[in-house]
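See structure below.
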Amino acid sequence: MLVPQAVLSQARHNPSLAQALHSHLIKCGLHDRHPYSASLIDSYAKSRLPHHALRLFLSLPPPPHPVAWSSALSACNLSSNPRLSLSLSLPILRSYPTLPDHFVFATLFNSFASLAPLHLSLAKQLHARFLFSPFSHDDVVKSSLVDMYSKFSLPLCARAVFDSISSFNKASWTAMISGYARNGFKNEALKLFRVAPNRDLFAWTALISGLVQSGNGVDALQLFVKMLREGIEILDPLVLSSVVGACANCALLELGKQVHCLVIGLGFESCVFVSNALVDMYAKCSDLDAAKGVFLGILRKDVVSWTSIIVGSAQHGRAEEALALYDGMVSAGVKPNEVTFVGLMYACSHVGLVGKGRELFRSMVEDHGIRPSLQHYTCLLDLFSRSGHLEEAENLVRTMPVAPDEPTWAALLSACKHHGNAKMAIRIADNLLSLKPEEASSYILLSNVYAGAGMWENVSKVRKMMMLMDVKKEPGYSCIELGKESYVFYAGETSHLMKDEIAALMRKLDEEVRKRGYVPDTSSVLHDMDQQEKERQLFWHSERLALAYGLLKSVPGTIIRIVKNLRVCGDCHTVLKLISTITSREIYVRDTTRYHHFKEGRCSCNDFW
DNA sequence: TTAGGGTTAG
């Protein structure tokens, strides 16, 4: 043999040896013969030289050997562009329909999984071809199918394949647990996890991460504690990045800090995935200084590191900082992605930088080749409408190449209301009404617009629709963290142990805000009741209860952080601004759509949310 | 040569 097997295997993780071997094989005239060509492709793939691997593969005479083909596909999957897998494979599949072996099938399903939700129809066609192939009983291929259907958000299809697997393998169990958990099938995920033959770190991570992704952060955190109690050793940091994410989603700053300590204790602070999650967690928990501290400590900042701090700064109304960070990102040679531009345009819309936002949108498309999504158009629309360019915003929503959804119309409607353009508001409200929204907040917005225009028939129509569609206004609650404990207050709640002190402070503050010209704005109260009752409802909104409790219990001068499950209403927003002046306290409120930073009578959202 | 768990928007 001209090339010993040892050399071939050494070249797998050694780029220069792979290239030297390639030269040698060209001299021997063997570079395009199997198995040498396949080994070379594999070496290039594993040496992280995917383009070398693909160039060699494409130079081979047809039909390709399946080993060379699957090695080339591995190169595609390892590269940052898994779409290459399809462009490479579709012509081969058309010309040689029976050529794929089990290795090719498994690697191709892996490619489809990483491209989901795109190309589902092609993926299903390939699944059909696999079923009619001589490899249809291969369990490794079936495991890749379980993972693929999970990533296509089709856990029932994944389960059907999973049930056809003949012998146990860890990969299929992990993929199925993850598939259930991430797609909102919490009970099925837990049930499968309980009977799993091997509950290793992979299975725990699949379950915990999946629950975080489907919005079950509290369940995920409880399971993480259980995992620690069961003595599962945290050998790699993957589960930690998800746990940090759970703290971020639930806005649990103190717990987030404890997990940060655990990350340091276990020696994973240099892992960029975990650091990125920490940056996001601190930003989402309203501690932007801590987020910056973690960000500055990341040695090799990637696009997610930069984007996390840009988005965090933007959400806290620090537009100039977000834009300066973007300049830093460009100088550091890190290419922005579609999420970066969402953050940047969000920053611009908050301070009315219309020209800059428009320029960023152009640059995203022309300089970075990013196709704008509905969310980018919604950002652009927000930018126009917030700064009063309502006609341009409406024109955009009617001409953009993607269909507007309920939040898009709601954003425009909110801007019309803010700028007092009743005529356009009614036009937009009619569009929103025709979409039959499911969100209670949209109905309230609609009802307010019609009520403002004196269109009582439509007000009643909106309320009837709410009843017909069984849309109920979710009970409002606010959460406040004090020390290591957090407290939840529901709107109108009067059962708290300190209810008398809370009510007394609220009355005192009410007197103070009225002295400063506050007049209750009851437009967000839907029910037919007299003015006094409407004002009473506002008075007991959950964020006010949480704030009063925070003022009573926290260390004077410290920041008060509140998280609310609904949007802050206009009236509470006015009151919170005034209270920040009266008490000389900074108040952060994270609601469902915005971050509000109340300080000295102003809010970082510029009264627009 | 093929299969499983991780971070940024919404």
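All values derive from a computational prediction rather than experimental measurement. To find a chain, count down the sequence lines: A is the first, B the second, and so on, and within it residues start at 1.
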Residues 221-228 of chain A side chain polar contacts: donor-acceptor under 3.5 Å, at least two apart:
none

Under the side chain to side chain contact (heavy atoms under 4.5 Å, CB included) test, residues paired with A/Thr107 that sit two or more places apart: A/Ser70, A/Leu73, A/Ser74, A/Asn77

Who are the salt bridge (Lys or Arg N to Asp or Glu O under 4.0 Å) partners of A/Arg590, not counting sequence neighbours? none

Could you work out, with salt bridge (Lys or Arg N to Asp or Glu O under 4.0 Å) as the rule, every residue matching A/Lys170, not counting sequence neighbours? A/Asp200

For a quick check under 3.5 Å, do A/Ser167 and A/Asp139 share a side-chain donor-acceptor pair by atom type? yes

Nearest-angstrom distance from the residue atom NE2 of A/His127 to P of B/dA3: 17 Å

What does A/Asn169 touch in the nucleic acid at a heavy-atom separation under 4.0 angstrom: a base, only the sugar-phosphate, or nothing? base

Go through the structure and list residues passing salt bridge (Lys or Arg N to Asp or Glu O under 4.0 Å) with A/Asp219, not counting sequence neighbours. A/Lys186

Sorted by chain and residue number, the side-chain hydrogen bond (donor to acceptor under 3.5 Å, both in side chains) partners of A/His102 (sequence neighbours excluded) come out as none

To the nearest angstrom, the CG-P distance between A/Asp101 and B/dT2 comes to 11 Å

Can you check the A/Ile177 CD1 to B/dA3 C1' distance for me, whole Å? 15 Å

Strictly under 4.0 angstrom, non-hydrogen atoms only: write out the protein contact profile of nucleotides 4-10 of chain B, one letter per nucleotide from the 5' end, B, S or -. BBBBBBB

Could you spell out the base pairing of DNA chain B as a dot-bracket line? Use Watson-Crick and G-U wobble contacts where both distances are under 3.5 Å, [ ] for crossing pairs, | for partners on a different strand. ..........

Enumerate the residue pairs fulfilling salt bridge (Lys or Arg N to Asp or Glu O under 4.0 Å) with a member in residues 288-303 of chain A, sequence neighbours excluded, ordered by first and then second residue. A/Lys292-A/Glu321

